[in-house]
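Just below is one structure, and these are the notes that go with it.
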Amino acid sequence: MKIATWNINSVRRRTGNLTDWLKRAQPDVLLLQEIKCQDDQFPRLEVEAAGYCCAVVGQKSWNGVALVSRTQPEVINRALPGDDGDVQARYVEARFATSAGPLHVASIYLPNGNPVGTEKFPYKLAFMRRLHQRAHELLDSEALVVLAGDYNVCPTDKDVYDPIAWANDALCRPESRQALRAILNLGYTDAFRALHPGVQAYSFWDYQAGAWPKNNGLRIDHLLLSPQATDRLKACGIDRAERGRPEPSDHVPVWVELDAAVAG
DNA sequence: ATGACAGGATTTTCCTGA
């Protein structure tokens, strides 16, 4: 089965990009971030016409995540547990039955955290601590777990086109990297880095300053796999070409193939 | 030449993002 993540930067602006990509890439599950719309504004009919159903956690103007899939999952969480006061739509988690047992997937839009020195950075770090807690809980089930999304963290300098210029940015700060490593140290695997250890590859290129033609990118969209999912990891890729299509998102899809089949 | 973006909305300007 194929599971993908994509920060689409407004699903209404990019409904055609979305349905075209679904038809080409044929994922079983697609985890979207930054849909930038409320639940009833999601292009549900277009997605259903492409052969998919959707679970949407929307919000007016900003943020918003969704889970698009061939079969209807059981939605487990419509917010990241641990802070009832957090009203930003950044997390949806669901469970599928597969040939290899239960599969838990989450679509995560992790806070950017800039500018460092404002309340945004501690909000990011607190969100990461909550994600660590949830990731820890999910390991107990020994299920296949795929925690995927826009993490807004470059794990290492290899994941940044200009590490010196970005050293003090919230995406590269030691605190952000440490918090990501803490999740990995629970037993999760960064799928792309596991299969492509020496490759410099990016998932985001800013719209500004010719970042795309100059390949000034960042690798910030990740799929973190539990040990049981990692055991079944067959392939992982970044659909770089999507950034060169008309009116693209500034992020591109990242995907894994797992040796298991979604039931039903 | 070292420039230069995009989306949403309390829209014709400002806020946000990375």
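Naming: A, B, ... by sequence-line order, numbering from 1 per chain.
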**Prompt:** Between A:Tyr91 and A:Arg78, is there a cation-pi geometry (under 6.0 Å to ring centre, at most 45° from the normal)?
**Reply:** no
**Complete:** Sorted by number, residues from residues 105-129 of chain A placing a heavy atom under 4.0 Å from DNA chain B are A:Tyr109, A:Asn112, A:Lys120
**Prompt:** Can you list the steps and then say if A:Arg240 with A:Asn215 is a side-chain hydrogen bond (donor to acceptor under 3.5 Å, both in side chains)?
**Reply:** CA-CA 11 Å; A:Arg240 190 177 194 283; A:Asn215 195 30; 2.9 Å; yes
**Asked** How about A:Glu142: does its CD atom have over 12 heavy atoms from other parts shown lying under 6.0 Å from it?
**Response** no
**Item:** Inter- and intrachain pairs under salt bridge (charged side-chain N to carboxylate O under 4.0 Å, His left out), touching residues 81-104 of chain A, at least two apart
**Value:** A:Glu74-A:Arg95, A:Asp86-A:Arg130, A:Glu93-A:Arg134
**Item:** Length of the line joining A:Arg90:CZ and B:dT16:P, which is rounded to integer Å
**Value:** 12 Å
**Item:** Nearest-Å distance for atom pair CZ/C1', residues A:Arg243 and B:dC5
**Value:** 9 Å
**Message:** I'd like the C1' distance from B:dA18 over to B:dG7, given in whole Å.
**Reply:** 14 Å
**Message:** Distance check, C1' atoms only: B:dT11 and B:dC15, in whole angstrom units.
**Reply:** 12 Å
**Asked** What's the closest nucleotide to the A:Gln208 side chain, out of B:dA4, B:dC5, B:dA18?
**Response** B:dC5
**Asked** If you measure from the P atom in B:dG17 to the same atom in B:dA4, how many Å do you get, rounded?
**Response** 23 Å
**Interatomic distance where CG belongs to A:Asn63 and C1' belongs to B:dG17 [whole Å]** = 10 Å
**Request:** Check the angle between the aromatic planes of A:Trp212 and A:Trp205 and answer parallel, tilted or perpendicular using the 30° and 60° thresholds.
**Result:** perpendicular
**Request:** On the 0 to 90° scale, with breaks at 30° and 60°, tag the A:His196-A:Phe192 ring pair as parallel, tilted or perpendicular.
**Result:** tilted
**Item:** Other residues, nucleotides, ligands: >12 heavy atoms within 6.0 Å of A:Glu247 CD
**Value:** no
**Asked** When the distance from NE2 of A:His251 to C1' of B:dC5 is rounded to whole Å, what number comes out?
**Response** 13 Å
**Prompt:** Do you reckon A:Trp21 sits in the same ILVMFWY cluster as A:Val256, going by side-chain contacts under 4.5 Å, direct or chained?
**Reply:** no
**Request:** Spell out, as yes or no, whether a donor-acceptor pair under 3.5 Å connects the side chain of A:Asp28 to the backbone of A:Lys2.
**Result:** yes
**Item:** Nucleotide B:dA18, atom P - distance to NE2 of A:His222 in whole Å
**Value:** 13 Å
**Prompt:** Distance between the P atoms of B:dA6 and B:dT10, in whole angstroms?
**Reply:** 23 Å
**Message:** Heavy atoms only, 4.0 Å cut-off, all strands: where does A:Asn152 land among base, sugar-phosphate and nothing?
**Reply:** sugar-phosphate
Do any N or O atoms of the protein come closer than 3.5 Å to N or O atoms of nucleotides 6-13 of chain B, and which pairs are they?
unit_1: B:dG7; atom_1: OP1; unit_2: A:Arg14; atom_2: NH1; d: 3.4
unit_1: B:dG7; atom_1: OP1; unit_2: A:Arg14; atom_2: NH2; d: 3.4
unit_1: B:dG7; atom_1: O3'; unit_2: A:Ser10; atom_2: OG; d: 3.3
unit_1: B:dG8; atom_1: OP1; unit_2: A:Ser10; atom_2: OG; d: 2.4
unit_1: B:dG8; atom_1: OP2; unit_2: A:Arg13; atom_2: NE; d: 2.9
unit_1: B:dA9; atom_1: OP1; unit_2: A:Ser61; atom_2: N; d: 3.4
unit_1: B:dA9; atom_1: OP1; unit_2: A:Ser61; atom_2: OG; d: 3.3
unit_1: B:dT10; atom_1: OP1; unit_2: A:Lys60; atom_2: NZ; d: 3.4

